[in-house]
Amino acid sequence: MARRARARRTGRGARTEGGPQRAGARRRAGSRSAEAGGAKGFGPAVDAALALAERQPWARITLTDIASEAGLSLAALMQEFPSKAAILAAFQRGIDQAVLAAGEVGEGSARDRLFELLMRRLEALKPHRKALASIAAAAPQDPAGILCGWGRLLHAMGTTLTLAGLSAEGLPGLVRAKGLAAIYGSVLPVFWRDESADLSRTMAALDGRLQRVETAMNWLRGLSKTAT
């Protein structure tokens, strides 16, 4: 794959001085495809919800507001989206499609493949960061929404594992998906604040976390061999 060979160098480079070289090394067709996919319209209702979330707190937005912004009647909106959670689920499906549309990740280490796929997702989310920050800020006030969001995130991480050639089946797969979700979630605060054109700070954070997990897993495998 085009970025796989450069992913680790990019992650390491983001912690050094050579910013222009970092940007040139990582821009490629796959990343542009993912970002372009994320920037596409998701349909009138979802686009309206995102536009409203950019301008005001998500917790204050109602379905009536979204219908008005989208130029729809409330009844027409609710036929397709009975809740704001349903609108967010549709948005995530659109992001999932943008990640898939970027193509296969190809060969390489598991760490390289996961880096590529998670960066594709973040690049697709980039045009909507302001709206997503508003939505994330409202999460503590919406326990049911948190549970639904967690389920959607686990599904997305399971898809990521599968695309990376790693099993997401059974209890071991669920553990992997939860671990990957934790890594992804820990990078999001960096992503919200990353104003660099190439998301170099986000890449450095993601690469570092994946490296630490990889190191820990290698150490545990070595410990297990020693014990036997």
Side-chain angles (χ1 to χ4, degrees), residues 1-28 30-35 38 95-96 98-99 102 104-129 132-133 136 139 149-150 153-154 156-168 172-224:
M1 69 181 184
R3 183 161 65 181
R4 189 268 311 164
R6 302 171 184 170
R8 188 173 300 174
R9 292 200 303 273
T10 303
R12 288 199 302 263
R15 291 188 289 271
T16 67
E17 295 296 326
Q21 289 77 10
R22 292 196 306 265
R26 90 171 259 297
R27 296 316 299 168
R28 56 171 289 274
S31 64
R32 288 193 298 271
S33 175
E35 188 168 350
I95 294 299
D96 290 342
V99 173
E104 300 294 329
V105 293
E107 72 285 352
S109 72
R111 175 183 158 196
D112 286 338
R113 297 193 301 272
L114 289 172
F115 178 94
E116 166 75 11
L117 289 164
L118 291 177
M119 281 306 305
R120 283 184 186 179
R121 179 168 293 276
L122 291 168
E123 285 162 347
L125 292 175
K126 185 179 177 182
H128 314 290
R129 279 191 302 182
L132 292 173
W150 175 243
L153 178 60
L154 284 182
M157 294 300 102
T159 299
T160 300
L161 287 166
T162 301
L163 286 173
L166 303 171
S167 175
L174 179 60
V175 172
R176 291 189 191 98
K178 287 184 175 180
L180 192 59
I183 292 172
Y184 179 75
S186 72
V187 172
L188 286 178
V190 180
F191 173 66
W192 300 140
R193 300 188 301 269
D194 189 353
E195 298 298 331
S196 61
D198 65 344
L199 293 180
S200 57
R201 295 174 184 172
T202 302
M203 287 194 296
L206 177 59
D207 182 63
R209 285 159 176 76
L210 288 172
Q211 183 178 32
R212 285 195 291 272
V213 171
E214 181 182 58
T215 300
M217 293 303 296
N218 288 339
W219 180 80
L220 288 173
R221 281 194 288 268
L223 188 66
S224 175

Task: Atom of A124, atom of I95 and distance for their closest heavy-atom approach - done: O-CD1, 3.7 Å
- [ ] Kindly write out the residues that satisfy side chain to side chain contact (heavy atoms under 4.5 Å, CB included) with A110, not counting sequence neighbours, or none if the list is empty.
- [x] R113, L166
Open item on the list: Going by side chain to side chain contact (heavy atoms under 4.5 Å, CB included), name the residues that satisfy it together with A168, two or more places apart in sequence or in a different chain.
Closed with: L161, T162
Task: Minimum side-chain heavy-atom gap L174-L154 below 4.5 Å - done: yes
- [ ] Specify the closest pair of heavy atoms between W192 and A136, including all atoms of both residues, with the distance to one decimal.
- [x] CZ2-CB, 4.4 Å
- [ ] Go through the steps to decide whether V99 and T160 satisfy the test side chain to side chain contact (heavy atoms under 4.5 Å, CB included), and finish with yes or no.
- [x] CA-CA 9 Å; V99 173; T160 300; 6.0 Å; no
Task: Set of side chain to side chain contact (heavy atoms under 4.5 Å, CB included) partners for S167, sequence neighbours left out - done: E169, R176
- [ ] Kindly indicate whether the side chain of V187, heavy atoms from C-beta on, has any atom under 4.5 Å from the side chain of Y184.
- [x] no
- [ ] With sequence neighbours left out, write down each residue that passes salt bridge (charged side-chain N to carboxylate O under 4.0 Å, His left out) with D194, or none if nothing qualifies.
- [x] none
Task: Partners meeting side chain to side chain donor-acceptor pair (under 3.5 Å) with R209 (sequence neighbours left out) - done: S186
Open item on the list: For a 4.5 angstrom cut-off between non-hydrogen side-chain atoms, does D207 reach M119?
Closed with: no
- [ ] Taking the side chain as every heavy atom from C-beta outward, state whether K178 and V175 have any pair of such atoms under 4.5 Å apart.
- [x] no
